[in-house]
Amino acid sequence: MDYNFREIEKKWQDKWAAEKTFKAVTDPAKPKYYVLDMFPYPSGAGLHVGHPLGYIASDIVSRYKRLKGFNVLHPMGYDAFGLPAEQYAIQTGQHPEVTTMKNVARYRSQLDRIGFSYDWDREFRTCDPDYYKWTQWAFLKMFGSYYSNSLKSARPIEELIAAFEAHGTEGLDVACGEDLSFTAEQWKAFGEAEKSKVLMNYRIAYQGETSVNWCPALGTVLANDEVKDGLSVRGGHPVEQKKMTQWQLRVSAYAARLLEGLERLDWTDSLKEMQRNWIGRSEGTEMIFKVVTGSEERDVTIFTTRADTIFGVTFMVLAPESDLVPLVTTPEQKAEVEEYLAYVKKKTERERIAQTKTVTGVFTGSYGINPLTGEKVPVWISEYVLSGYGTGAIMAVPAHDSRDYAFAKKFGLPIIPLIEGCDVSEESFDAKEGTMCNSGFLNGMQVKEAVEAAKDYVEAHGLGRRKVNYRLRDAIFSRQRYWGEPFPIYYKDGIPTPLPFDKLPLTLPEVDEFRPTEDGQPPLARAKDWTYEGWPLETSTMPGFAGSSAYYLRYMDPHNDSALVSKEADEYWRNVDLYIGGTEHATGHLIYSRFWNKFLFDLGYVCEDEPFRKLINQGMIQGRSNFVYRVVGTNKFVSLGLRDRYETQEIHVDISLVRNDRLDLEGFKAWRPEFENAEFILENGEYICGWAVEKMSKSMFNVVNPDDICDNYGADTLRLYEMFLGPLEQSKPWDTKGIDGVHRFLRKFWRLFHEGQDFCVSDEKASPAELKVLHKLIAKEEADIAEFSFNTTVSAFMIAVGELSDLNCHKREILEPMVVMLSPFAPHIAEELWALLGHTESVGAASFPEYNEAFTVEDSVTYAVSFNGKTRFTAELPKSMDRAGVEAAVMAMPQTDKYLAGLSVVKVIVVPGKIVNIVVK
RNA sequence: GCGGGUGUGUUGAAAUUGGUAGACAAGCCAGACUUAGGAUCUGGUGCCUUCGGCGUAUGGGUUCGAGUCCCUUCACCCGCACCA
């Protein structure tokens, strides 16, 4: 009986599906293990061979953990709201749901062929109303909450209202947009609209005007992580800055906790570092400068991390968007300032990035007073100061900040050095080292002391206070799009009002077209009767990250109609033990999810405050493209080695026409009409193609489809090969060439159980040599899976199978545990052999074999004998021999004499079990 | 510019964490069986060579011993980027 993978794989996949083999049931008697893949966005292109890499790894861990006695939750679903389906809908008129469901079905059929052990009963799509009901629910909870800084927790907004009624803003320590100040009496006197506006300043989900990334081509705003280099991540369209009123999430309130939480997570350092940078904590000082405009005087607060440099302040700078700008502009400067603001406004984000080196700015006409020296310094406006960070105003110290330096040079402002011996004639001195000078009471101190001394001084004299700033901004939460979750908000007398919980889900209405309305309203404005009790409903929808922020919780209890997740399910499954996915979500999804989870934790809906305990980033699988070289102006194609003799043009060729870099000439001619009459200049009778590693994509003709691999080699081979390709976390090119090696291994494994065509396994007792092979492999697999080093496990299997074939071993005692151990990697062949071995239950119900050191212990060890560190020969010695014995034995060997000829021994170093080093002179 | 990472045969990669570098695979070469082979099996395969020597990007250091630890330089990849 040959290894017929097609028949075997079909048979077992059908059986797993029919019997729901991998159904997870809450079982307090067993320890739980939750393995999650970042669920995919089902794109129209289907899966390529790179996508399942992480899924295969997580499936191996899932199956392994089941063998180790864990109750494993391993679900899968789809991140189904998103731009591509909507763009397609705009172009074709086809409802995004239709496209999405078609793509989901395709994904599902591709996934099913690879033999994953998902519990498909828990599957859902983020666009299912049953699911997005809970996304809307969470939004309403955020709308109904504020963040208490003193309690470090979200609290119901009713508590805040009660506080306002009792004592206004007195003693308030909460996260907010701007610092408001009013008394209880004032609060009570506010009208409904006014109260709503005030509360927006504190809600965790709030509506507010902000500068947003507006993408005209997509007709929507985008979050910071959806924009890269001034272009939209999806589609690559230009993005500009625009002030708009938008729904936002007060993620910034959680900055400190998001940062601290990283300490407790088992994530890679690079990923944690990325999040730290994104959160961007910096310790500094807020200081008040009096600014004099004509006869008026007002306080301007600046933020600095270098309070020690205050004696070097020679000017101040405001962000162009700062509210202070109109207030401090003098009548004489008004025209110039307005011209500058117009210039800044018309720049797109992309231009701004491209021109970071150009220095621009304008003088306001006002002067600030240095609170320490009483000196007057001019107040400027420049785009290098950002309105969104700190206070949008800075004190400029050109001697010790390179940006201030460039500005001072350009506009001829004075530069005062503050560190002894520093040279500021060519560039600023940014390093925090040296002895202070020109700095009043700080003179003579080292910079590090001066930083603290200056902060103390400022606080002691009431000039300002210590302040921790974060770079993390609130998340913009509305999109002017159709294909997303509708906001459960209606406008009663213009006041944003939450829909009652029992009206959820608020389902997406039908519209006749998916593009914005003629007057620029979002597509939902096209819906007939988009109202609640006669009041208009919100017309924007939620962004892509909304649905993916709590999906891992829903898998714990996916059919619950009365809660996102029941208390019992949450307390059993708690959080994700192992999360596998790409790095591209480092600053998006992985921040939002942590925020979302912490919020639900604060309100007591979940019991863990971090969602993902351990996270692995699988590397990307790139494509390996092939090229042919056309001689310019002809239809002749020259082989790689000969192309230097011609002027050639490199052309991508479909990799299906190439094998081992040899071109299939007839296939190439048939590929495209223009190549029909192609002629070839061959080397050694063959056409050798060039190659390069590139992103796997249709346009490069280098896409490898997993279905084709399953057809030709089988899912087990695909799984093994993807793991064999190299370390999981590393990016690597796909190269189908090597796949025969693992396929051959599976056939060899199969043959261990067969004698000719017959299944043949003996009950004979295993020999010590055979047991050693087995137990070496057990130890190796245990260690490798703990470190996610799957490639070496596959190698170890190949070696073990090679050794067992050499030993001609067909014994059940050895082979049965081998099948169990192989089952996480190649489950189909394992199930088949397991059944042939006479078992009626799935191999998944077996236990992972116990490692017994006794079988692998050697009674002798090989010592490497070296002279002055150079290994000359090896010596086989009993393992029990002590150092002195080893030394004596080695010194007595004839080879030693040979290498000692004429030299004297200085000393002998014996490393037990490894090395004997003889130092000679 | 700042931060993180990587560098080993023709290729993907191993190396028990400081102990015989290149396991395992691919490719290539030779042989066997074949009408044939994108099939199967066997052997060889880092470089220079006569002994032997040289080899883990580069130059140095620590050590009896370094791919592994420390410093220098170079190259590449990733992330952030006017964050005061």
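Lettering of chains follows the sequences in order, A, B, ..., and the numbering in each one begins at 1. From a predicted model like this one, the values you see are computed outputs, not experimental measurements. Note: hydrogens, waters and symmetry copies are ignored here, and every other heavy atom, side chains too, is used.
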Worksheet item: On a whole-Å scale, what distance lies between the P atoms belonging to U6(B) and U16(B)?
Response: 15 Å
Please verify the inter-ring angle class for Y3(A) with W750(A); under 30° counts as parallel, over 60° as perpendicular, anything in between as tilted.
tilted
Scanning all shown strands, the Watson-Crick or wobble mate of C74(B) with both distances under 3.5 Å is G7(B)
Expected label for G9(B) (glycosidic angle, syn inside 90° of 0, else anti) would be syn
Rounded to whole Å, OH of Y405(A) lies from C1' of G1(B) at a distance of 17 Å
Protein N or O to nucleotides 18-27 of chain B N or O, pairs below 3.5 Å:
residue, atom, partner, partner atom, Å
A26(B), OP1, R744(A), NH1, 2.3

In whole angstrom, give me the gap between the C1' atoms of A57(B) and C51(B). 32 Å
Per atom distances to the S270(A) side chain, the nearest of G4(B), U40(B), A84(B) is G4(B)
Does E452(A) form a salt bridge (charged side-chain N to carboxylate O under 4.0 Å, His left out) with R466(A)? I'd like the steps, not just the answer. CA-CA 10 Å; E452(A) 291 310 310; R466(A) 281 165 206 261; 3.1 Å; yes
Assigned chi class of U20(B) under the 90° convention is anti
The answer to which of P733(A) and F303(A) contacts RNA chain B further toward the 5' end, by nearest nucleotide, is P733(A)
(request) Check every strand shown and say whether P727(A) touches a base, only sugar-phosphate, or nothing at a heavy-atom separation below 4.0 Å. (result) sugar-phosphate
Need one value for R747(A): base, sugar-phosphate or nothing, where a base atom within 4.0 Å counts as base even if backbone is also close, heavy atoms only. sugar-phosphate
Exercise for the section: Could you measure between the two P atoms, the one in G9(B) and the one in A14(B), and give it in whole Å? Expected result: 14 Å
note: E283(A), atom CD; A84(B), atom P; distance rounded to Å ~ 12 Å
>> If you take the centroid of each ring, where Trp contributes its six-membered ring, are F407(A) and F315(A) closer together than 6.0 Å?
In response: yes
In whole angstroms, the gap separating P of G79(B) from CG of L590(A) amounts to 15 Å
The Watson-Crick or G-U wobble partner of G79(B), with both key distances under 3.5 Å, is C2(B)
Rounded to whole Å, the CH2-P distance (W278(A) to G4(B)) equals 19 Å
In whole angstroms, the gap separating C1' of U11(B) from CZ of R624(A) amounts to 8 Å
As its Watson-Crick or G-U partner within any shown strand, both distances under 3.5 Å, U42(B) has A30(B)
Q. Does a side-chain N-to-carboxylate-O contact under 4.0 Å join E722(A) and K732(A)?
A. no
**Side-chain N,O (Q730(A)) to OP1/OP2 (A13(B)) below 4.0 Å** = yes
Whichever of K732(A) and G390(A) has the more 5' nearest nucleotide on RNA chain B, that residue is K732(A)
Pairing partner of C51(B), by Watson-Crick or G-U wobble and under 3.5 Å for both distances, is none
Here the distance between atom C1' of C77(B) and atom CD of Q622(A), to the nearest Å, is 10 Å
Take atom C1' in C70(B) and the same atom in G55(B), then report the distance between them in whole Å.
23 Å
Between CZ of R276(A) and P of C80(B) the distance, given in whole Å, is 16 Å
Here the distance between atom C1' of G12(B) and atom CG of L53(A), to the nearest Å, is 14 Å
In Watson-Crick or G-U wobble terms, with both distances under 3.5 Å, the base opposite G19(B) is C64(B)
Discussion item. So N277(A) and R471(A), do their side chains get closer than 4.5 Å, heavy atoms only?
Written reply: yes
Any non-hydrogen side-chain atom of E433(A) less than 4.5 Å from a side-chain atom of V447(A)?
no
Inset, instruction - May I ask you to verify if any side-chain N or O of Y389(A) is less than 4.0 angstrom from the OP1 or OP2 atom of A84(B)? - result: yes
Checking F790(A), F825(A), W734(A) against Y721(A) for ring pair (Phe, Tyr, Trp, His ring centres under 6.0 Å), the one that qualifies is W734(A)
What's the gap between C24(B) and C77(B) when it is taken at their P atoms, as a whole Å value?
33 Å
Exercise. If we take the C1' atom in both G65(B) and G3(B), what is their distance in whole Å?
Worked result: 35 Å
query: How are the rings of Y713(A) and H743(A) set relative to one another: parallel (under 30°), tilted (30 to 60°) or perpendicular (over 60°)?
result: perpendicular
Checklist line | Inter-nucleotide P distance (G67(B), U8(B)), Å rounded | finding: 15 Å
Would you please test T792(A) and D784(A) for side chain to side chain donor-acceptor pair (under 3.5 Å) and show each step? CA-CA 7 Å; T792(A) 52; D784(A) 281 350; 2.9 Å; yes
A84(B) and G7(B), which share atom name C1', separated by this distance in whole Å:
37 Å
